[in-house]
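Below is one structure; the comments refer to it alone.
If you're wondering where the values come from, they're calculated on a predicted model, not measured in any experiment.
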Amino acid sequence: MSLAKPAMRGLLAKRLRFHLPIAFGLSLVAAAAFKFAVTEPRKQAYADFYKHYDSTKEFNAMREAGVFESVRPTGK
């Protein structure tokens, strides 16, 4: 009684026919999940932040705190 020889001819093509569509499908699912779980909330957070952002108010607050060397606070 002898063991059957392994089928080596065409093994890569046979395995790729099975695994390639699965890998492609999983990559599409992962890309869609990343888009809706990470990038869309991040874009919304940036939009919300800049909707109410006042750059002049921030500049004045930093000036009063003494952050800038070239601009003196109004009290000095």
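Screening residues 31-61 for ring pair (Phe, Tyr, Trp, His ring centres under 6.0 Å), with sequence neighbours left out, gives Phe49-Tyr53, Tyr50-Tyr53, Phe59-Phe68.
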Original post:
How far apart are the C-alpha atoms of Asp48 and Gln44, what are their side-chain angles, what is the distance that settles it, and do they pass the side chain to side chain donor-acceptor pair (under 3.5 Å) test?
Top reply: CA-CA 6 Å; Asp48 292 341; Gln44 187 62 43; 3.0 Å; yes
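The two residues Glu64 and Pro73 make their nearest non-hydrogen contact at OE1-CB, 4.1 Å.
Here the NE2-CG distance, from His19 to Leu12, works out to 11.5 Å after rounding to the nearest 0.5 Å.
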